[in-house]
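Only this structure's heavy atoms are used, side chains among them; waters, hydrogens and symmetry mates stay out.
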Amino acid sequence: MRITVDMNLCESHGQCVFAAPEIFSFDDEDHLTYEATPSDALLGKAEKAAAVCPVRAITVSPAAS
């Protein structure tokens, strides 16, 4: 899978961090960081993180072949 975050939309609400801490986190300057190609085993958590994002900045898509 591939995760993309539109950083122009992201307002750092942090809901993705609560939903999928294995994928999303904040750095020391409170900027969102994330794993762009996490394990497919985390698909459910990635989809939940995208769903709870209040500004819909997260896209989850299949990995490129």
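- At least one side-chain heavy atom of Val17 sits under 4.5 Å from a side-chain heavy atom of Leu32.
- Within 6.0 Å of CZ in Phe26 there are more than 12 heavy atoms belonging to other residues, nucleotides or ligands.
- At a cut-off of 3.5 Å, with distance as the only test, a side-chain donor of Thr33 or Ser25 sits close to an acceptor on the other residue.
- Remark: the Glu11 side chain and the His13 side chain contain an N/O donor-acceptor pair separated by less than 3.5 Å.
- Side-chain atoms of Tyr34 and Ile58, non-hydrogen and from C-beta on, never get closer than 4.5 Å to each other.
- In this structure, Val60 and Leu43 have side chains that are in contact, with non-hydrogen atoms separated by less than 4.5 Å.
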Stepwise, does the side chain to side chain contact (heavy atoms under 4.5 Å, CB included) test hold for Ile3 with Phe24?
-> CA-CA 10 Å; Ile3 306 266; Phe24 301 93; 3.9 Å; yes
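- Atom CE of Met7 and atom NE2 of His31 lie 8.0 Å apart (nearest 0.5 Å).
- Cys16 places none of its side-chain heavy atoms less than 4.5 Å from the side chain of Ile23.
- For Ala57 against Cys53, the heavy-atom pair with the smallest separation is N-SG, 3.3 Å.
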Could you go through the side chain to side chain contact (heavy atoms under 4.5 Å, CB included) check for Arg2 and Ser61 one step at a time?
-> CA-CA 5 Å; Arg2 177 108 181 124; Ser61 54; 3.7 Å; yes
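- Checked by atom type and distance alone, the side chain of Arg56 pairs as donor or acceptor with a backbone atom of Ala51 at under 3.5 Å.
- Asp40 places a side-chain N or O within donor-acceptor distance of the main-chain N or O of Met1, the cut-off being under 3.5 Å.
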